[in-house]
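See structure below.
We name chains A, B, ... by the order of the sequence lines, and we start the count at 1 in each one.
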Number of protein chains: 2
Amino acid sequence: MVTRKQHEEPIIRPDCRTRRGLELIAAQWSMLVVVALGEETKRFSQLHAQIAGISKKMLTQVLRELERNSLDKRVVYLVIPPMVEYSLTPLGLTLRELIYALRDWSERYIEEVERRRTEYDQQDKTLLQEQIMALVQQWTEAS
Amino acid sequence: MVTRKQHEEPIIRPDCRTRRGLELIAAQWSMLVVVALGEETKRFSQLHAQIAGISKKMLTQVLRELERNSLDKRVVYLVIPPMVEYSLTPLGLTLRELIYALRDWSERYIEEVERRRTEYDQQDKTLLQEQIMALVQQWTEAS
DNA sequence: CCGTATCCAAGGGGATACTG
DNA sequence: CAGTATCCCCTTGGATACGG
């Protein structure tokens with residue numbers, strides 16, 4: 001007799017590679033900055049203008065964090081007025097492709113998602129809730 | 001004479017589709033939950049056990065948000081004890097593939113990223129800093 | 001121009017106890 | 001079992017002013 005082997009699902013630990021990796025970009029602005037950095041070298045002020053609504057503080061913070069992780073490169077030119085250019089590293093480019101895929105997914109599906117969200121919010125969940133309450137009633141009486 | 005056309009970079013507005021889409025998953029736990037949901041239908045407690053360290057509160061919150069957006073489906077069984085199953089919707093499955101790609105990227109590159117981060121943190125930036133200060137000195141004197 | 005420093009409000013998210 | 005409710009801390013992140 002063949003026992004259906006129980007699928008041993010791996011536990012997503014705080015220190016597993018998947019988690020450490022996803023944390024690199026699962027932040028408020030990280031992916032947007034990578035998209036903005038995009039194809040070409042950009043100056044700080046260009047990036048700041050391109051990502052509407054980001055503060056200089058946040059932009060600096062995200063760029064520095066990406067730089068720490070060798071995902072972008074920062075070049076300071078010793079000129080007046082000061083000029084700083086950012087560009088993705090080869091490693092950052094590999095990540096960019098995946099984020100582009102997410103961007104394309106968004107372009108394609110976001111409106112469907114939002115339409116469904118509106119429907120969801122308009123649903124009436126009263127009936128199911130009443131069924132559950134009735135069931136719980138039986139449960140508490142039994143125990 | 002051919003004037004090199006200035007590349008008009010699109011502005012990433014708060015209401016653009018890219019941004020609205022990325023916000024769906026650029027949260028602390030969202031991508032992890034999608035990965036955990038993975039291939040098969042899972043019960044709440046399974047997910048809670050699988051994602052080490054997540055609180056029930058957060059798990060509930062993320063699952064509900066994904067559900068609102070039609071990325072996962074929640075099925076309540078009216079049995080004792082209560083049982084609730086979650087699974088990705090067809091729409092969620094399309095997104096899952098992209099998140100899998102990010103997971104694979106992490107598996108492959110995260111250790112290189114972290115090694116480079118260590119190097120970065122050990123760098124001495126004193127010299128560059130001094131150069132900049134000298135330059136700024138000239139600047140302020142000139143203005 | 002390219003940031004940093006400081007302050008401060010809003011809310012993300014954990015711990016715990018309780019409920020459907 | 002599958003959540004909700006409450007409390008509360010502590011980080012995130014904006015605004016503003018200032019420095020390299």
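Ionic pairing of B:Glu107 and B:Arg103 is not present here: no N-O contact between side-chain nitrogen and carboxylate oxygen is shorter than 4.0 angstrom. By the 4.0 Å N-to-carboxylate-O rule, A:Arg20 lies too far from A:Glu23 to be salt-bridged with it.
DNA chain C lies under 4.0 Å from at least one heavy atom of each of the following residues of residues 12-31 of chain B: B:Gln28, B:Trp29.
Distance alone, capped at 3.5 Å, is enough to place a donor-acceptor pair between the A:Thr89 side chain and the A:Ser70 backbone.
Counting non-hydrogen atoms of other residues, nucleotides and ligands closer than 6.0 Å to CZ of B:Arg108 gives a total of 12 or fewer. For B:Arg13, the CZ atom is loosely surrounded, since the number of other residues' heavy atoms within 6.0 Å does not exceed 12. More than 12 heavy-atom neighbours from other residues, nucleotides or ligands sit within 6.0 angstrom of CZ on A:Arg115.
For the side chain to side chain contact (heavy atoms under 4.5 Å, CB included) with B:Ile110, the lone residue among A:Leu24, A:Leu22, A:Thr18 that qualifies is A:Leu24.
Under a cutoff of 6.0 Å and an axis angle of 45°, A:Arg117 and A:Tyr120 do not form a cation-pi pair.
C:dC2 atom C1' lies 17 Å from atom NZ of A:Lys42, rounded to whole Å. What separates CD of A:Glu65 from C1' of D:dG13 is a distance of 15 Å, to the nearest Å. Rounded to an integer number of Å, the gap from A:Gln61 CD to C:dA5 P is 12 Å. Between the CD1 atom of B:Ile51 and the C1' atom of C:dG14 there is a distance of 16 Å, rounded to whole Å. Look at CG on A:Leu59: it is 16 Å from C1' on D:dT12, rounded to the nearest Å. Atom CE of B:Met58 and atom C1' of C:dG12 are 6 Å apart (whole Å). A:Ile54 has its CD1 atom 10 Å from the P atom of D:dG13, to the nearest Å.
Taking the six-membered ring where the residue is Trp, B:His48 and B:Phe44 present parallel rings, their angle staying beneath 30° rather than reaching 60°.
Residue B:Ser55 has a polar side-chain atom (N or O) positioned under 4.0 Å from OP1 or OP2 of C:dG14.
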Distances for protein N or O near nucleotides 2-4 of chain D N or O, under 3.5 Å:
| from | atom 1 | to | atom 2 | distance (Å) |
| --- | --- | --- | --- | --- |
| D:dA2 | OP1 | B:Arg43 | NE | 3.2 |
| D:dA2 | OP1 | B:Arg43 | NH2 | 3.2 |
| D:dA2 | OP2 | B:Ser45 | N | 3.1 |
| D:dA2 | OP2 | B:Ser45 | OG | 2.6 |
| D:dG3 | OP1 | B:Arg74 | NE | 3.4 |
| D:dG3 | OP1 | B:Arg74 | NH2 | 2.7 |
| D:dG3 | OP2 | B:Tyr86 | OH | 2.7 |
| D:dG3 | N7 | B:Lys56 | NZ | 2.8 |
| D:dG3 | O6 | B:Lys56 | NZ | 2.9 |
| D:dT4 | OP1 | B:Arg64 | NH2 | 3.2 |

